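Step one of this worksheet: look at the structure below.
Everything numeric in this text was worked out from a predicted model, so none of it was measured. Chain naming here is simple, since letters A, B, ... match the order of the sequence lines and numbering starts at 1 in each.
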There are 2 protein chains.
Amino acid sequence: MSQAVKSRRADQDARRTAILDAAAEVFFEQGYAAASIDAVIERIGGSKRNIYSMFGSKEGLFIALVTENARRLFDPLVNEGTVHKDLRETLTDFAIRLLHLFMSRRMAGVYRVVVSEAARLPDLAASFYRNGPDLAASWVADILAQACARGEIQVDDPKLAAQRFMGILRGNLYMEIVLDLSRPMDSAEIDNTARSAVDLFLNGVKTKS
Amino acid sequence: MSQAVKSRRADQDARRTAILDAAAEVFFEQGYAAASIDAVIERIGGSKRNIYSMFGSKEGLFIALVTENARRLFDPLVNEGTVHKDLRETLTDFAIRLLHLFMSRRMAGVYRVVVSEAARLPDLAASFYRNGPDLAASWVADILAQACARGEIQVDDPKLAAQRFMGILRGNLYMEIVLDLSRPMDSAEIDNTARSAVDLFLNGVKTKS
DNA sequence: ATTGACTGGTAATCTGCGTTACCGTATCAA
DNA sequence: TTGATACGGTAACGCAGATTACCAGTCAAT
């Protein structure tokens, strides 16, 4: 019996992730309002009934979609952030991973829909920001505060400095990606960009000597 | 007769700007898809017929709306950019004006709808970017290239440096504004932010001495 | 003053889509 | 095996909103 129950639950989970995958394609491609439940169902077969019993409504599906994708995208960034002995190395490492994240199609998709629905779903926007970019900035701010305490750099406000570091990394390129005007960088370009961005930042905050 | 024609044209123009103003409220508030022509008309009275004869379609109205707003927003930024003798002063000046722009409700509104419709209207997204952020970056890049030629700073790629300068200015704050999570900065905060951002950037690119 | 063209308003049309009602079928306990 | 329960599918419902047809008032020129 537990066998049967288990396999049924497994089916449910598989179905759920299939729906979310299909929904990602549709919603991230076309935006919330233009996306239709029918379009989601077309990609995986089955019935709309299914979506409504699992997610309650179009909005419910959307919120689940954004929440899970945001978590999956940002979790590794912060949790797998390794702190090296050398500040430059730590920041470069982070920069590379942040740029990879920003260059991913999935990230651009999530960002686009969160932006466009922010007015209607403020809680979703807030949770995206706090569990994503803001969390990452806090992680960097910690690193910077420690380096500051060691006298390696001089920053008045570590959080602000961290946000500016992330700003250097994004530059205008992230806007180009979000607007779909530019091909994402490949790994080699990301490495170079990360390195020179860290150079600029560390020069900027270095203690005078 | 030319008198009469003129006043009729003036009426047309007044009507047109009234429509665009009302459309700005509706579209920037609710997004393209959720916005309705009816909602636009409700704010100024009159008839939908009006909008269709002037703009052809909902999409035509939207494109006119975005184009005109983008132009109005970015034109002063670049055209009134004054180049002082001192690089720091020039950049600080620019920074203050860019931050004021980014803090404006109107700018956030335009950016939100451009992002959310970028996939469906790629030309609109491209023209927004090229006549806006990219143009501004080019202006800064020029300034930087000149300073570099004078030996005041050391940058390999002035355009990239300019984009990074703009990135420092935005930090994460612009995302907070776009997601409606944060109150825009007031003038005093903008001044301070601009100054410390310019400090960071100029330290970062200063020629070693 | 009259005619003719045009601007603007009301109200219908038509489509697309979120949501739900209803029905067949498969699963599981007894 | 059988009855009950719940799941999935089909097809309809209802609504919202873009677009348009048609009508009335208005202004200019003769």
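- Using a cut-off of 4.0 Å between Lys/Arg side-chain N and Asp/Glu carboxylate O, A:Arg97 and A:Glu80 are scored as not salt-bridged.
- One can place OH of A:Tyr32 at 20 Å from P of C:dG16, the figure rounded to the nearest angstrom.
- Rounded to the nearest 0.5 angstrom, A:Leu179 CG and B:Tyr129 OH are separated by 8.5 Å.
- Here the C1' atom of nucleotide D:dG9 and the CD1 atom of A:Ile51 are 13 Å apart, to the nearest Å.
- Side-chain atoms of B:Arg112 come within 3.5 Å of backbone atoms of B:Val178 as a donor-acceptor pair (strictly under, hydrogens ignored).
- Counting to the nearest Å, the C1' atom of D:dA16 and the NZ atom of B:Lys58 are 11 Å from each other.
- Using a 4.0 Å heavy-atom cutoff across all strands shown, A:Ala33 reaches no nucleic acid atom at all.
- An end-to-end axis angle of 0° holds for the helix from C:dA1-D:dT30 to C:dA30-D:dT1, taken from five base pairs per end and rounded to 10°.
- Here the CG-CZ distance, from A:Leu101 to A:Phe74, works out to 5.0 Å after rounding to the nearest 0.5 Å.
- For B:Ser57, counting side-chain heavy atoms from C-beta on, the closest listed nucleotide (C:dG9, D:dA11, D:dT19) is D:dT19.
- Residue A:Lys48 places its side chain closer to C:dT19 than to any other of D:dA18, C:dT19, C:dT10.
- Ion pairing between a basic and an acidic side chain is recognised when a charged N comes within 4.0 Å of a carboxylate O; A:Asp180 and B:Arg120 show no such pairing.
- If you check distances only, the side chain of B:Ser47 does reach the base of C:dG9 with a donor-acceptor pair under 3.5 Å.
- Which of C:dG8, D:dG8, C:dT20 sits closest to the side chain of B:Asn50 comes down to C:dG8.
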For this session: Could you walk me through whether A:Asn69 and A:Phe28 pass side chain to side chain contact (heavy atoms under 4.5 Å, CB included), step by step?
Result: CA-CA 11 Å; A:Asn69 273 281; A:Phe28 295 157; 4.0 Å; yes
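- Straight-line distance from the CZ atom of A:Arg15 to the P atom of D:dG8: 7 Å, rounded to whole Å.
- The side-chain hydrogen bond (donor to acceptor under 3.5 Å, both in side chains) with B:Asn172 is formed by just one residue from the set A:Lys159, A:Arg164, A:Arg170; it is A:Arg170.
- The distance between atom CZ of B:Phe62 and atom P of D:dA18, rounded to the nearest whole Å, is 13 Å.
- Looking at residues 36-45 of chain B, you'll see that no heavy atom sits under 4.0 Å from any atom of DNA chain C.
- To the nearest 0.5 Å, atoms OG (A:Ser196) and CD1 (A:Ile168) are separated by 9.5 Å.
- Judged by closest nucleotide on DNA chain C, B:Arg49 is the one of A:Arg49 and B:Arg49 placed further toward the 5' end.
- Residue A:Phe27 contributes atom CZ, which lies 11 Å from atom C1' of C:dG18 at whole-angstrom precision.
- The distance between atom CZ of B:Arg16 and atom C1' of C:dG8, rounded to the nearest whole Å, is 18 Å.
- We find the CZ-OG1 distance between B:Phe94 and B:Thr90 to be 11.5 Å, quoted to the nearest 0.5 Å.
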